[in-house]
Amino acid sequence: QVQLVESGGGLVQPGGSLRLSCAASGTFFSIATMGWYRQAPGKQRELVASMSSRGTTTNYSDSVKGRFTISRDNAKNTVYLQMNSLKPDDTAVYYCYGHIVTSAWTSRGNDYWGQGTQVTVSS
């Protein structure tokens, strides 16, 4: 019922920029934390950035601080990741994450994941 759909990935040169978008659709009551994870071949999935529902709490991986910026538009149920100064080490599949409450009868939500979008940084 709930889907997260990412877009904006692609192939870029080192030092380039990309902007990822993720929109939530379906039936739900509210969205709490949203964020981005990434997984490179042979490695575990790791947190890139996350943001609470009102933006009061934001977290970034140390490896992307100062280069990536997470933002969200709650009116559109969308989270963004602006990626600047991209490095080859940023190459990975990027997954959108959302902790989503699907019913007004409970405050306990579920974790949802997007299908992933490939980001490749190579010269």
Side-chain angles (χ1 to χ4, degrees):
Q1 291 183 345
V2 179
Q3 287 188 312
L4 300 175
V5 180
E6 304 104 329
S7 62
L11 173 64
V12 298
Q13 298 288 319
S17 298
L18 284 174
R19 182 177 176 85
L20 305 183
S21 299
C22 172
S25 63
T27 302
F28 51 85
F29 181 71
S30 64
I31 304 176
T33 299
M34 297 189 77
W36 295 90
Y37 289 71
R38 67 186 181 187
Q39 187 168 22
K43 297 183 178 180
Q44 294 185 328
R45 187 174 299 185
E46 64 174 351
L47 173 69
V48 178
S50 65
M51 178 177 285
S52 60
S53 61
R54 298 298 181 182
T56 55
T57 302
T58 303
N59 295 292
Y60 291 95
S61 167
D62 288 341
S63 64
V64 307
K65 287 182 179 178
R67 300 188 297 119
F68 292 9
T69 302
I70 188 171
S71 61
R72 60 191 289 176
D73 184 342
N74 289 336
K76 298 180 179 180
N77 297 317
T78 300
V79 64
Y80 306 93
L81 185 68
Q82 179 66 47
M83 304 186 295
N84 299 324
S85 302
L86 284 162
K87 304 175 180 179
D89 285 347
D90 296 320
T91 297
V93 177
Y94 284 69
Y95 295 92
C96 178
Y97 162 83
H99 188 72
I100 301 175
V101 179
T102 57
S103 173
W105 297 101
T106 178
S107 61
R108 187 175 302 278
N110 296 312
D111 295 335
Y112 292 88
W113 296 91
Q115 80 285 358
T117 184
Q118 177 70 49
V119 172
T120 302
V121 185
S122 177
S123 60

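These numbers come from a predicted model, not from an experiment.
At least one side-chain heavy atom of R19 sits less than 4.5 Å from a side-chain heavy atom of S71. In this structure the side chain of S103 never reaches within 4.5 angstrom of the side chain of F29, judged on heavy atoms.
Not counting sequence neighbours, the partners of D62 by the side chain to side chain donor-acceptor pair (under 3.5 Å) test are K65. Y97 is linked by a side chain to side chain donor-acceptor pair (under 3.5 Å) to D111, counting only residues two or more places apart in sequence or in another chain. Q115 meets the side chain to side chain donor-acceptor pair (under 3.5 Å) test with E6; sequence neighbours excluded. Under the side chain to side chain donor-acceptor pair (under 3.5 Å) criterion, R72 pairs with N74, not counting sequence neighbours. Not a single salt bridge (Lys or Arg N to Asp or Glu O under 4.0 Å) links K87 to another residue, sequence neighbours left out.
Sorted by first then second residue, the side-chain hydrogen bond (donor to acceptor under 3.5 Å, both in side chains) pairs that include residues 22-36, not counting sequence neighbours, number zero. Residue pairs meeting the salt bridge (Lys or Arg N to Asp or Glu O under 4.0 Å) criterion with at least one partner in residues 114-123, sequence neighbours excluded, are absent. Screening residues 89-107 for salt bridge (Lys or Arg N to Asp or Glu O under 4.0 Å) gives R38-D90, R67-D90 as the qualifying pairs, with residues at least two apart or on separate chains. For residues 30-92, there are no disulfide bond (SG atoms under 2.5 Å apart) pairs, not counting sequence neighbours. Residues in residues 20-107 take part in these disulfide bond (SG atoms under 2.5 Å apart) pairs, two or more places apart or across chains: C22-C96.
At a cut-off of 3.5 Å, with distance as the only test, no side-chain donor of D73 or T78 sits close to an acceptor on the other residue.
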Output a table of donor-acceptor pairs, distance under 3.5 Å, between side-chain atoms of residues 47-55 and any protein atom two or more places apart or on a different chain; print 'none' if there are none.
residue	atom	partner	partner atom	Å
S52	OG	T56	N	3.1
S52	OG	T56	OG1	3.2
S52	OG	T57	N	2.9

Identify each donor-acceptor pair in which a side-chain atom of residues 116-123 lies under 3.5 Å from a protein atom, sequence neighbours left out, and give them as a table.
residue	atom	partner	partner atom	Å
T117	OG1	G9	N	3.3
Q118	NE2	A92	O	3.4
Q118	NE2	T120	OG1	3.3

